[in-house]
Q: 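I am attaching a structure below and will ask some questions about it afterwards.
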Amino acid sequence: MPAITLPDGSVRSFDATVTGTTVAASIGPGLARAALAMKVDGRLVDLSTEIAADAAVVFVTRRDEIALEMIRHDCAHVLAEAVQELFPGTQVTIGPSIENGFYYDFARNEPFTTEDFPAIEAKMREIVARNAPFVRSVIDRDEGIAYFTAKGEKYKAELIRDLPDAETITLYSQGDWIDLCRGPHMRGTGDVGTAFKLMKVAGAYWRGDHRNAMLSRIYGTAWRDQKELDAHLHMLAEAEKRDHRRIGKEMGLFHLQEEATGSVFWHPKGWKLYRRAEDYMRRRLDLSGYQEVKTPQLIDRALWEASGHWEKFREHMFVAKVEDEDKTLALKPMNCPGHVQIFKQGLRSYRELPLRMAEFGACHRYEPSGALHGIMRVRSFVQDDAHIFCTEARIADETVRFVALLSSIYADFGFPEFRVKFSTRPDLRAGTDEVWDHAEGALAEACATAGVDYTINPGEGAFYGPKLEFVLRDAIGRDWQCGTLQVDLVLPERLDAEYVAEDGSRKRPVMLHRAILGSFERFLGIMIEQYAGRFPVWLAPVQVVVATIVSDADEYAGEVAAALRAAGLTVTLDTTNQKINAKIREHSVQHVPVIAVVGRKEAEERKVALRRLGGEAQTVLGLDEAVGLLRAEASPPDLARA
RNA sequence: GCCGACAUAGCUCAGCGGUAGAGCAACUGAUUCGUAAUCAGUAGGUCCACGGUUCAAAUCCGUGUGUCGGCACCA
């Protein structure tokens, strides 16, 4: 006699066990048509699930956010059926919904190519049109293994074998096609709709482990309706236009070439951008109690052995040898051992702590070829690196200070929002569990004090300590770690750093490894995408173009440019014999934030007409006034606040 | 590193066995013009590299390098 409580508080009683389908139908034909699944006491289940006891039921319709996930998951099943119909002998593995879509991993000797897509999509539409109901059934573990083994689906059999003992093993059929799946699903394949599109193929390791077989993955996107799909595809096309590799080329910021794989050639305009960021960072660090240092590029392997990096990262280090000396040097992949060497010069007192040592250190890492990506993941990069030597008691304070500094800097660079991940101890690590308990505890405590919301990233910490990762997202939706704060109780021990405590005893300092931008290359790459190349005046490589209308104004335009340069602005003078329309277009395409137009009239009145990028209005100002205004606008935010 | 795709003029791309093409940019000339492309002309290529197949290769095959999309990695 289940009594069903609905979201509006009303209660409906039934004489016997009922399915969601029946309940929905009892409420009305509209809901009967719209209900795709339901939540019973908060748990998402198939609409066909039988409800035996009193329960609160919420029906899921296409409008609900969760429906989108179900459409994508079901679409993955439709994809799998289509692939097996078209390519017999292909084994299915897993196919979850993901952000914006879904994927399915297949085991097949010959990987799929995008040329297979039209046929697969056509078959998928056919399966959707069949509208076969999704039917759930429960199977015994051994039967399940036998069933899939007999079908030649060894991956599915392996999945069942590895499910926890208590887990109910369920199959879902759609017509003749059957898949191992936890569910839930919508009513039938027809509910998937037709607003889907296969996007790309890729290799992916079985269970994400590179020691396992390489599977063939097909990615797709799926939406409620065509309009949503079109909007998504349009968004992707727009995002492509913001790609830093494209903008870097168009604006002439940098280039990469084969002879220096993974290293950036910064062009004058790109380097201007870089330096504006670096100058800003240097000011911020100076004011925040950091001392800047510079440590060697090449350091003997002995130091890397002592630090533990040689053992763990040797194959990712660039190694140098000289003929006459029997020495092996490594290009530094990081700055920390160097900073410890500076710390160790002379006797340190507790009075010097916390000691914050910063370096814009150029590091080299032999990154796997497949990891390289534009200027975001390179083999040669510069970090805004610093190490804070302090007592354990000070970890929380320093973390709070760091988060405040980072937030302020990110906001200045146009990132008011960012996400934080807390990475805990990895399987392979240095240091005792006790030390790790300490480090993780201190960091968690500090986050609580600083009011930092984070998600846990289990097992992803550095080998010497837990870390916070500050994550920004690029134009294409990929997440990149930029800032980081890592607690290290291991390296000071390994490299024997110590200080004299208040009581005269020798103690180990704690090291906090921290970076705000992370690598300049990566951060600038993301910033280019964030602004789509349309930088605020303080960052723009070229801040003002002075463009003439007639050659009679050339001389005065030269004066204008000189006055702006004297005020510290980066200015280009355009006296070419082109129409003003063409000049405006050319510099707009180059994303110059301000164009100062000078014609005969301005020359006579000693004025300039300022035009903003993307705007149509122009402001005509006296020369002095214009210079003052632009000087203020070009002032970096930290100086503007001062 | 692994799977797949791609590599043609400075840029974006077409050509896919029979003497290498377009638009934009560049250069030259004319035009002095008021806020997102003035007109005309000229020049520009070991078709990524190295092998192979063929009477003939940018085009087909192999190897390498790089790039792109994922996976794995990321001190």
Side-chain angles (χ1 to χ4, degrees), chain A residues 103 105 108 110-115 199-219 243 245-246 249-250 252 256-262 304 307-317 332-337 363 365-374 377 379 383 426 430 460-465 467 469 476 478 480-481 484 486 488 490-491 513 518-519 522 547-554 575 577-590 595-602 609-618 620:
Chain A
Y103 67 78
D105 285 347
R108 181 172 180 242
E110 183 149 338
F112 297 102
T113 76
T114 47
E115 286 171 21
M199 301 297 285
K200 50 198 178 193
V201 288
Y205 298 107
W206 167 238
R207 300 199 146 170
D209 189 328
H210 69 277
R211 289 165 300 196
N212 290 342
M214 175 67 67
L215 305 173
S216 185
R217 174 175 296 180
I218 295 178
Y219 282 95
D243 192 307
R245 294 165 295 193
R246 178 189 181 120
K249 197 180 277 178
E250 287 169 352
L256 298 152
Q257 72 183 48
E258 206 167 324
E259 290 81 355
T261 308
W304 305 110
S307 70
H309 291 99
W310 189 264
E311 189 194 352
K312 192 154 192 309
F313 292 107
R314 198 231 157 304
E315 31 337 332
H316 299 292
M317 288 163 74
K332 69 174 170 186
M334 51 183 353
N335 308 300
C336 30
C363 297
R365 295 177 185 176
Y366 185 70
E367 302 284 11
S369 56
L372 301 176
H373 177 88
R377 184 85 182 268
R379 289 178 173 158
Q383 289 175 302
E460 297 293 318
F463 74 93
Y464 49 70
K467 62 178 179 181
E469 295 175 31
I476 328 174
R478 283 184 278 218
W480 296 91
Q481 179 198 309
T484 184
Q486 308 174 4
D488 186 353
V490 173
L491 204 59
H513 307 242
S519 99
R522 173 176 298 180
T548 52
I549 295 174
V550 290
S551 47
D552 286 353
D554 285 2
T575 54
N577 180 13
Q578 283 184 101
K579 286 185 152 183
I580 192 63
N581 286 298
K583 294 187 186 184
I584 298 284
R585 179 180 154 77
E586 185 184 321
H587 303 301
S588 298
V589 165
Q590 284 295 308
I595 301 177
V597 177
V598 175
R600 206 167 269 131
K601 203 164 70 183
E602 285 77 11
L610 299 183
R611 183 189 202 282
R612 306 295 165 152
L613 177 59
E616 285 178 9
Q618 33 178 323
V620 181

Q: Let me know the distance between CG of A:Leu215 and C1' of B:rG70, rounded to the nearest Å.
A: 13 Å
Q: Restricting to non-hydrogen atoms, name the atom on A:Met317 and the atom on A:Tyr366 that form the minimum distance, rounded to 0.1 Å.
A: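 Between these two residues, the closest heavy atoms are N-CB, 4.4 Å.
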Q: Which residue, A:Gln481 or A:Asp209, contacts RNA chain B at a nucleotide closer to its 5' end, judged by nearest heavy atom?
A: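 It is A:Asp209, whose closest nucleotide lies nearer the 5' terminus.
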Q: Quick check on B:rG69: is either OP1 or OP2 less than 4.0 Å from any side-chain nitrogen or oxygen of A:His373?
A: yes
Q: Please confirm whether the backbone N or O of A:Glu250 pairs with a side-chain atom of A:Gln590, one donor and one acceptor, at under 3.5 Å?
A: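 Answer holds: yes.
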Q: Name the nucleic acid region contacted by A:Glu315, choosing base, sugar-phosphate or nothing; use a 4.0 angstrom heavy-atom cut-off, strictly under.
A: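 Since no nucleic acid heavy atom lies under 4.0 Å of A:Glu315, the category is nothing.
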Q: What's the gap between B:rA14 and B:rG23 when it is taken at their C1' atoms, as a whole Å value?
A: 11 Å
Q: Using every non-hydrogen atom in the two residues, find where A:Tyr205 and A:Asn212 come nearest and quote the distance to one decimal.
A: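 Scanning both residues completely, I find the closest heavy atoms to be CD2-O, 3.7 Å.
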Q: Atom CD of A:Gln257 to atom C1' of B:rA49: distance rounded to whole Å?
A: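 Checked: the CD to C1' distance equals 15 Å.
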Q: Over 60° means perpendicular and under 30° means parallel, so tell me whether A:His309 and A:Trp304 are parallel, tilted or perpendicular.
A: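 Judged by the thresholds at 30° and 60°, the geometry between A:His309 and A:Trp304 is perpendicular.
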Q: Rounded to the Å, how far apart are A:Arg217 CZ and B:rG70 P?
A: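 Whole-Å distance recorded here is 11 Å.
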Q: Determine the contact category for A:Gly374: base if any of its heavy atoms lies under 4.0 Å from a base atom, sugar-phosphate if only primed atoms, P, OP1 or OP2 are that close, otherwise nothing.
A: sugar-phosphate
Q: When the P atoms of B:rA58 and B:rG18 are considered, how many whole Å apart are they?
A: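 Pairwise P distance, B:rA58 against B:rG18, rounds to 10 Å.
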Q: Write down the distance between CZ (A:Arg365) and P (B:rC74), rounded to a whole number of angstrom.
A: 11 Å
Q: Apply the side-chain hydrogen bond (donor to acceptor under 3.5 Å, both in side chains) test between A:Thr548 and each candidate in A:Lys583, A:Glu602, A:Gln578, A:Arg600; give the one that qualifies.
A: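 For A:Thr548, the side-chain hydrogen bond (donor to acceptor under 3.5 Å, both in side chains) test succeeds with only one of A:Lys583, A:Glu602, A:Gln578, A:Arg600, which is A:Lys583.
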Q: Verify the contact: side-chain N or O of A:Lys579 to OP1 or OP2 of B:rU38, cut-off strictly under 4.0 Å; return yes or no.
A: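 It does not, given that no N or O in the side chain of A:Lys579 lies less than 4.0 Å from OP1 or OP2 of B:rU38.
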Q: With pairs defined as Watson-Crick or G-U wobble and both distances under 3.5 angstrom, please note down RNA chain B as a dot-bracket string, | for pairing with another strand.
A: (((((((..((((....[..)))).(((((.......))))).....(((((..]....))))))))))))....
Q: If you compare every side-chain N and O of A:Arg611 against the phosphate oxygens of B:rA36 (OP1, OP2), does one of them come in below 4.0 Å?
A: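 Answer is yes, contact under 4.0 Å.
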Q: When all nucleic acid strands are considered with a 4.0 Å heavy-atom cut-off, which category describes A:Lys601: base, sugar-phosphate, or nothing?
A: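 The answer is base, as A:Lys601 lies within the cut-off (heavy atoms under 4.0 Å) of a base atom.
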Q: Taking B:rU63 as the reference, what is the distance to B:rC6 when you measure between their P atoms (whole Å, please)?
A: 15 Å
Q: Is any side-chain N or O of A:Tyr205 under 3.5 Å from a base N or O of B:rG1, one able to act as donor and the other as acceptor?
A: yes
Q: At less than 3.5 Å, do the side-chain atoms of A:Arg108 and the base atoms of B:rC3 form a donor-acceptor pair?
A: no
Q: What distance, rounded to whole Å, do you find between the two C1' atoms, one in B:rC2 and one in B:rA9?
A: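 It works out to 35 Å between them.
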Q: Would you mind checking if A:Arg211 and A:Asp209 are paired as a salt bridge, meaning a charged N to carboxylate O distance below 4.0 Å?
A: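 Salt bridge present between A:Asp209 and A:Arg211.
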Q: Please check: side-chain N/O of A:Arg379 versus main-chain N/O of A:Ala260, any donor-acceptor pairing under 3.5 Å?
A: no
Q: Does B:rA5 have OP1 or OP2 sitting under 4.0 Å from an N or O in the side chain of A:Thr113?
A: no
Q: Which of the following nucleotides, B:rC11, B:rA75, B:rG66, is nearest to the side chain of A:Lys249?
A: B:rC11
Q: Looking across every strand, which nucleic acid part, if any, lies under 4.0 Å from A:Ala547 by heavy atom: base, sugar-phosphate, or nothing?
A: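 Since no nucleic acid heavy atom lies under 4.0 Å of A:Ala547, the category is nothing.
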Q: Need one value for A:Arg245: base, sugar-phosphate or nothing, where a base atom within 4.0 Å counts as base even if backbone is also close, heavy atoms only.
A: sugar-phosphate
Q: Report yes if at least one side-chain N or O of A:Arg600 is closer than 4.0 Å to OP1 or OP2 of B:rC33; otherwise report no.
A: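 Yes, A:Arg600 has a side-chain N/O under 4.0 Å of OP1/OP2 on B:rC33.
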Q: So what does A:Ala204 hit on the nucleic acid, given a heavy-atom distance under 4.0 Å: a base, only sugar-phosphate, or nothing?
A: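 Sugar-phosphate, backbone atoms only, no base.
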Q: Heavy atoms under 4.0 Å, any strand shown: does A:Pro111 hit a base, just sugar-phosphate, or nothing?
A: sugar-phosphate
Q: Checking all strands, does A:Lys467 fall into the base, sugar-phosphate, or nothing category for heavy-atom contacts under 4.0 angstrom?
A: sugar-phosphate
Q: How long is the straight-line distance from CG of A:Leu256 back to OG1 of A:Thr261, given to the nearest 0.5 Å?
A: 9.0 Å
Q: Rounding to an integer number of angstrom, what distance separates B:rC13 and B:rC33 when you compare their P atoms?
A: 39 Å
Q: Just to be sure I understand the rule, does A:Glu586 reach a base, reach only the sugar-phosphate, or reach nothing, if contact means heavy atoms closer than 4.0 Å?
A: nothing
Q: Measuring only the C1' atom in each nucleotide, how far is B:rU28 from B:rG15? A whole number of Å is fine.
A: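 Between the two C1' atoms, the distance is 30 Å.
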Q: NA contact type, A:Gly208, heavy-atom cut-off 4.0 Å: base, sugar-phosphate, or nothing?
A: sugar-phosphate
Q: I want to verify a distance call: between B:rG4, B:rC73, B:rA72, whose nearest atom is closest to the A:Arg377 side chain?
A: B:rC73
Q: If you measure from the P atom in B:rA7 to the same atom in B:rC60, how many Å do you get, rounded?
A: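 Pairwise P distance, B:rA7 against B:rC60, rounds to 10 Å.
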Q: Measure the distance from CG on A:Asp105 to P on B:rC3 and round it to the nearest whole Å.
A: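 In whole Å, B:rC3 P lies 16 Å from A:Asp105 CG.
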Q: Please state the C1' separation for the pair B:rG1 and B:rC24 - nearest whole angstrom.
A: 40 Å
Q: May I ask you to verify if any side-chain N or O of A:Tyr366 is less than 4.0 angstrom from the OP1 or OP2 atom of B:rC74?
A: no
Q: Using a 4.0 Å heavy-atom cut-off across all strands, classify A:Ile580 as base, sugar-phosphate, or nothing.
A: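 Answer is sugar-phosphate: A:Ile580 comes under 4.0 Å of backbone atoms only.
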Q: Can you tell me how far C1' of B:rA49 sits from CD of A:Glu259, to the nearest Å?
A: 12 Å
Q: How many Å lie between CZ on A:Arg246 and P on B:rC24, as a whole number?
A: 18 Å
Q: Remember a base hit wins even if backbone is also touched, and classify A:Ser369 as base, sugar-phosphate or nothing at under 4.0 Å, heavy atoms.
A: base
Q: For A:Ala582, which contact category applies under a 4.0 Å heavy-atom criterion: base, sugar-phosphate, or nothing?
A: sugar-phosphate
Q: Rounded off to whole Å, could you give me the CZ-to-P distance for the A:Arg207 and B:rC2 pair?
A: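 About 24 Å, once rounded to whole Å.
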Q: For A:His316, report the nucleic acid contact type (base, sugar-phosphate, nothing); a contact means any heavy atom under 4.0 Å.
A: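 Result for A:His316 = base.
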